[in-house]
Student: 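I'd like to ask some things about the structure below.
Just so you know, ligand 1 is whichever comes first in the structure, and atom 1 is the first atom listed for that ligand.
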Amino acid sequence: MIFRKYVLSVCITLVILLFSACVEQTSENKIRIGFSQAMTNDDWRRSMNNAMLLQTSLHPNIELTIRDGNYEVEKQIEQVEGLIADSLDIIIVSPIQSKPITPVVEKALNLGIPVLVVDRKTENQKYTAYLGADNIEVGRNAAKEIIASNTKDSIRIIEIKGLLGSSPAEERSIGFHQTIDQYPMTKAVASIEGDWEKESIQQKFKTLLEENPNVDYVFAHNDRMAVGAWEVARNMGLEHQIDFIGVDGLSGPNGGIQAVKDNILKATVLYPTGGDEAIKLALKILNKELVPKNNILSTTIINEVNADIMKNQFDRINEQQNNIEQQLFALGDLEDRYSAQSNLLKIVMALLAIILALALYSIYSIFAIRKKIDS
Ligand code: FRU
């Protein structure tokens, strides 16, 4: 009787072991990073997300959740609330606008969740750390390039701004004016408020040019709006009279570097996304390392002098990233095959053990029956 019970419990234990061996590892020990991205409809944002995902895939213990705010301020606030409710280990935020997101960032911080703000800032310094290029410097660089590339006595400039209430738009404008105001030959003759997308400025720019086509230079706060303005000028036959400078300097066929090489833009100011640095910084914060409050990425001018060099460099970086991605993919594939095979081995071993236990039980039963018959 005791032996029968023993055999039964061995069988049950083996079946439990069998199931637990096949169930995937839970994410309990993983570091969970939540990223609230402002929007993902442009290449700059997509490249930022890709850099984050690539950096994350180098650390098997990190789980990255990306939420897309889709340009909707309320939605972004709700998404950060969701990341707080899910008790993420750290939250990274790239705000659509500075003011509305500030209270929920403070809330996360007060609840003990570190917050890393990237690219666009919140209204105050109540975050763990900030990462991004210095947008005042970006504006100054654009102004310096306009002045350096001109021999005219008077340069009439139109400024095309990014979304009102987003810190890069405000800071790029401040830096730009700080510099051009020092030079008597540069005149900011008009400005247009955009929302970072070219559709937001094309009609306004057309109206401005119709009223007064006497313009020498356009400084747009990003390359998408700069190219949009160039399209308007081209349709009016003014593209050779006006020079255009943007910001971002993305590589790739639709990026600012190619626009400089194609003589659409006179120049662009590099504005790195900092995607990989953001993940590295998040890990340092979680490891309780001391990090600077403000982490500034470097920026530079890209014009006809260095566009080829920059393109080659970025092409090489992209190539290396693709190689890493392929290797990671191959590794993942190997890992899957290894775990499938080791699961299969465990199942076979468990089945063998069950068969063995049943065989022992049968032998025992035969002996028990014989004993009964004999007595
Ligand atoms: C991308 C973008 C960039 C710009 C940045 C400013 O969504 O519009 O073009 O440099 O945001 O935050």
Student: Considering only NZ, NE, NH1 and NH2 on the basic side and carboxylate oxygens on the acidic side, decide whether Glu145 and Lys266 come within less than 4.0 Å.
Tutor: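 No, no charged N to carboxylate O under 4.0 Å.
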Student: Look at the side chain of Arg224 and the backbone N and O of Asp42, then say whether any donor-acceptor pair between them is shorter than 3.5 Å.
Tutor: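 The answer is no, because no donor-acceptor pair under 3.5 Å joins these two groups.
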Student: Regarding Glu319 and Arg316, does a basic nitrogen lie under 4.0 Å from an acidic carboxylate oxygen?
Tutor: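 No, no charged N to carboxylate O under 4.0 Å.
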Student: Starting from the C-alpha separation in whole Å, work towards a yes-or-no answer on side-chain contact (heavy atoms from CB on, under 4.5 Å) for Arg172 and Glu159.
Tutor: CA-CA 10 Å; Arg172 286 173 197 180; Glu159 182 186 6; 5.9 Å; no
Student: Quick check: do Ile157 and Phe176 have side-chain heavy atoms less than 4.5 Å from each other?
Tutor: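 Result yes, sub-4.5 Å side-chain heavy-atom pair found.
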Student: Does a donor on one side chain sit under 3.5 Å from an acceptor on the other, for Ser36 and Gln76?
Tutor: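 Yes - a donor-acceptor pair under 3.5 Å links their side chains.
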Student: Might you list the protein residues in contact with ligand 1, defined as having a heavy atom under 4.0 Å from one of its atoms, sorted by chain and number?
Tutor: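 Shell around ligand 1 (4.0 Å, heavy atoms): Met39, Asp42, Trp44, Arg45, Asp119, Arg120, Pro168, Arg172, Trp196, Asn222, Arg224, Asp248, Tyr271.
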